[in-house]
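Working notes, structure below.
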Amino acid sequence: MKRVLSLLLSILLILCGCSPAKRVARSYLRMDRLMDQRHGWIRFDDMVLSYPDPDAVIKVLDRALGDLDGSSDPKTCISIYEDQVQAYSQLVGATSLAYVRYSQNVTDAQRAAEYGRLNSSLYAIQIRLARLEKVLMDRWGYHRERGPTYAEALERIGRQDDAALLALREREDELCRRYERLDAEFQVEYKGRTWTMTELMQDEDMTLQSFLEVLERYGIEKNRSAGDIYLELLSLRREMAKEGGYASYAESQYAAFGREYTPEQALAAAQIVKQVFVPLYIRLQERCENDLRYLSGASFSEDQFMAAMEQATERAVPGAGEAWRYMLALGLYDSQPSKQKLQGSFTTYLSNYSCPFLFTQWEDDASSVFTMIHEFGHFLSYYTNPEGTYYAPEDLDLAETDAQGFELLMLPQYEAIFGRYATAARLCWLMNALYAILSGFMEDEFQQLAYGLKHPTVESLNRLYGYLSKEYGFDRLFGYEGREWTEIGHTFQFPFYYVSYGVSMLGAMALVQDGNRGYRRSLKRKAGASFTEVVGRDVLAEESIRALAAWIEGLADHLLQG
């Protein structure tokens, strides 16, 4: 029974682990192609964290901005600007590498400090670059062909150069680091022994009653500690949105992620999602209970999985096997379990070395397999087309569509990956897919309502989450009580990211209904391609949501009959 509970918890948290890996605000500022896009061939262990002095870059930009009034030489000004854009790009790449190294040990104060300094510097540099480019555009027509929308974005970024906002961002970063340390190190005392969540899940001698008692205590105490951090973040981020000229924090984040839809449109779609997907999810959960129980008893060797994936990925998407071999040859992944690691998974692009990197923790269970396949979907998209994925100021939802579309295309390969558990694993994946849709919209609805509370408390947030859990069926299916929101790292670290899991899962299903042709076309998309353009439909429209629900139900019936 405990093994089943462990699997269910891991399924619920699978999406919580896939992080956007601190894309460091590239979506705010368009940059031309600055790097050699050919694949790098340096092993990860040989990579060196080196970068221009951020303070020197800031000084050069401040001097250039101060000298603009008396300057009549556009070539000199543009040359300074382009040199500092190049330095900024190198700092972006260094920040990605620093984040990976910090994630490998979130308790290392030196790594945390270096990553924090780089990330803060990027924000300060980006503001100055935006202000300088806007002046060059207005005075000499530099990049004027990019149009009024781009000019407005530059002006909005430039207005954020005030000490109050910078101080708020630094405080935000400190609070996020506090949550990450809490998540990695949190423990509770039970009958004279302290327990971490990892120790709790791995102890095979504990009785079910003791397991449930420790789990309950862990949830209550962590909810209070993490909730206090979140209350500070709520207040701080509302102030950040006001300083940045936005009507709400949700609006500011949707703009940052480059979404084609508004927070209000996401809430409207959420009401349809609840109508059509909650009853379907509940029916399938009841029908798949034995399969989930069967899969929960399975153990999967990482070595066997890694060996099977090369041919399986190639059969799913021609060319994917090459990316898999590349990843293994250069050690561009970290799957070792560790108490000190960031408790989640992500894939980023190390632009200074022209390669992706995959970060996760393997734990010999089905959730490890699902997570690795998902993250490799991100790795494949970066490897195939970094200019159209990592470098492009694209719609965030497309990045998750890449990963989730790859998951769908891997379903026929499950015999090679899961062996005799293939059918159970497919049904489990389908439940994960439905969970992605429901949880994506639920977490977004929770955050929109939370940021709208006048006087939030941990208790009022728990009540709100408990109410939504009933609407989305999670109280009935998983026993949600209202405290579970503090286990969702994205809510703290990447606010308003989560809805992309729901939107992009709908997009992935629309994209691959007819096989991998649409998916391969999506991987090769041009920089700046819109989500709707790539997917080929408005997945938030009511008729589209209902049609995709019917398709998923048909797929589920096929799997259950097979």
Side-chain angles (χ1 to χ4, degrees), residues 2-19 21 43-45 99-107 180 183-184 196-204 292 295-313 316 320-321 323-348 355-380 383 403-404 406-407 410 413-414 416-422 424-425 428-429 432 487 489:
K2 190 170 79 171
R3 186 71 184 178
V4 174
L5 286 170
S6 176
L7 175 68
L8 288 174
L9 281 169
S10 66
I11 290 171
L12 296 183
L13 298 177
I14 250 179
L15 293 176
C16 312
C18 180
S19 306
R43 289 186 55 81
F44 178 76
D45 290 343
Y99 183 66
V100 170
R101 292 189 171 172
Y102 160 72
S103 299
Q104 291 175 320
N105 186 355
V106 297
T107 65
E180 288 170 355
D183 197 40
T196 65
M197 181 59 75
T198 300
E199 291 169 340
L200 179 61
M201 290 300 179
Q202 291 178 348
D203 192 294
E204 296 294 334
L292 291 175
L295 188 63
S296 72
S299 178
F300 299 94
S301 159
E302 182 180 10
D303 289 342
Q304 291 179 357
F305 168 79
M306 301 296 274
M309 274 290 281
E310 180 181 337
Q311 291 186 6
T313 58
W324 184 261
R325 291 191 296 273
Y326 174 79
M327 182 182 78
L328 267 57
L330 298 182
L332 298 173
Y333 69 101
D334 180 351
S335 59
Q336 292 297 313
S338 169
K339 295 177 182 178
Q340 283 72 46
K341 286 176 68 173
L342 181 74
Q343 300 302 295
S345 304
F346 64 83
T347 302
T348 190
C355 63
F357 187 88
L358 189 158
F359 179 93
T360 188
Q361 299 196 56
W362 188 273
E363 297 179 352
D364 289 338
D365 56 14
S367 66
S368 296
V369 179
F370 291 134
T371 299
M372 193 73 166
I373 291 173
H374 176 92
E375 293 302 334
F376 184 70
H378 287 302
F379 190 101
L380 176 62
Y383 178 87
Q404 292 167 332
F406 182 74
E407 291 179 50
M410 282 292 292
Q413 311 305 321
Y414 271 23
I417 303 298
F418 289 95
R420 68 179 184 273
Y421 299 99
C428 186
W429 180 88
N432 287 346
E487 295 294 334

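Computed from heavy atoms alone, side chains included, the values below leave out hydrogens, waters and symmetry copies.
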Item checked: Partners passing side-chain hydrogen bond (donor to acceptor under 3.5 Å, both in side chains) against Gln104 (at least two apart in sequence or in another chain) -> Asp334
Checklist line | Any residue meeting ring pair (Phe, Tyr, Trp, His ring centres under 6.0 Å) with Tyr421, in chain and number order, not counting sequence neighbours | finding: Tyr294, Phe300
Checklist line | Sequence neighbours excluded, every pair satisfying salt bridge (charged side-chain N to carboxylate O under 4.0 Å, His left out) that has a member inside residues 297-310 | finding: Glu310-Arg325
Checklist line | Tyr326 and Phe379 aromatic ring geometry - parallel, tilted or perpendicular at 30°/60° bounds | finding: tilted
Margin query: If I take atom CE from residue Met327 and atom CE from residue Met309, how far apart are they, to the nearest 0.5 angstrom?
Written below: 7.0 Å
Next item on the list: List for me each residue that meets salt bridge (charged side-chain N to carboxylate O under 4.0 Å, His left out) alongside Arg43, sequence neighbours excluded, and say none if there are none.
Entry: none
Checklist line | Residues which pass salt bridge (charged side-chain N to carboxylate O under 4.0 Å, His left out) with Glu199, listed by chain and number, not counting sequence neighbours | finding: Lys339
Margin query: Just to verify, what does Gln336 make a side-chain hydrogen bond (donor to acceptor under 3.5 Å, both in side chains) with, not counting sequence neighbours?
Written below: none
Next item on the list: Could you list the residues that satisfy ring pair (Phe, Tyr, Trp, His ring centres under 6.0 Å) with Tyr414, not counting sequence neighbours?
Entry: Phe418
Notebook entry, point to check: Would you find more than 12 non-hydrogen atoms of other residues, nucleotides or ligands less than 6.0 Å from Gln340 atom CD?
Noted result: yes
Notebook entry, point to check: Can you tell me how far the CG atom of Asp183 sits from the CG atom of Leu342, to the nearest 0.5 Å?
Noted result: 7.5 Å
Next item on the list: Using side-chain contact (heavy atoms from CB on, under 4.5 Å) as the criterion, list what pairs up with Gln304, not counting sequence neighbours.
Entry: Ser301
Check: Looking at residues at least two apart in the chain, or sitting in another chain, which of them share a side-chain hydrogen bond (donor to acceptor under 3.5 Å, both in side chains) with Thr107?
Finding: Asn105
Checklist line | Test side-chain hydrogen bond (donor to acceptor under 3.5 Å, both in side chains) applied to Trp362 - qualifying residues, sequence neighbours left out | finding: Asp364
Margin query: Under the rule for side-chain contact (heavy atoms from CB on, under 4.5 Å), what residues qualify as partners of Gln413, not counting sequence neighbours?
Written below: Ala312, Arg315, Ala316, Met410
Margin query: Working to the nearest 0.5 angstrom, can you tell me the gap between Phe359 CZ and Ser335 OG?
Written below: 10.0 Å
Notebook entry, point to check: At what distance, to the nearest 0.5 angstrom, does OG1 of Thr347 lie from CG of Leu380?
Noted result: 11.0 Å
Check: Measuring from Phe346:CZ to His378:NE2, what's the distance to the nearest 0.5 Å?
Finding: 11.5 Å
Notebook entry, point to check: Would you call the rings of Phe376 and Trp324 parallel, tilted or perpendicular if under 30° counts as parallel and over 60° as perpendicular?
Noted result: perpendicular
Notebook entry, point to check: With sequence neighbours left out, what residues match Glu363 under side-chain contact (heavy atoms from CB on, under 4.5 Å)?
Noted result: Asp365, Ser368
Check: Is the backbone of Ala184 close enough, under 3.5 Å, to the side chain of Lys341 for a donor and an acceptor to pair up by distance?
Finding: no
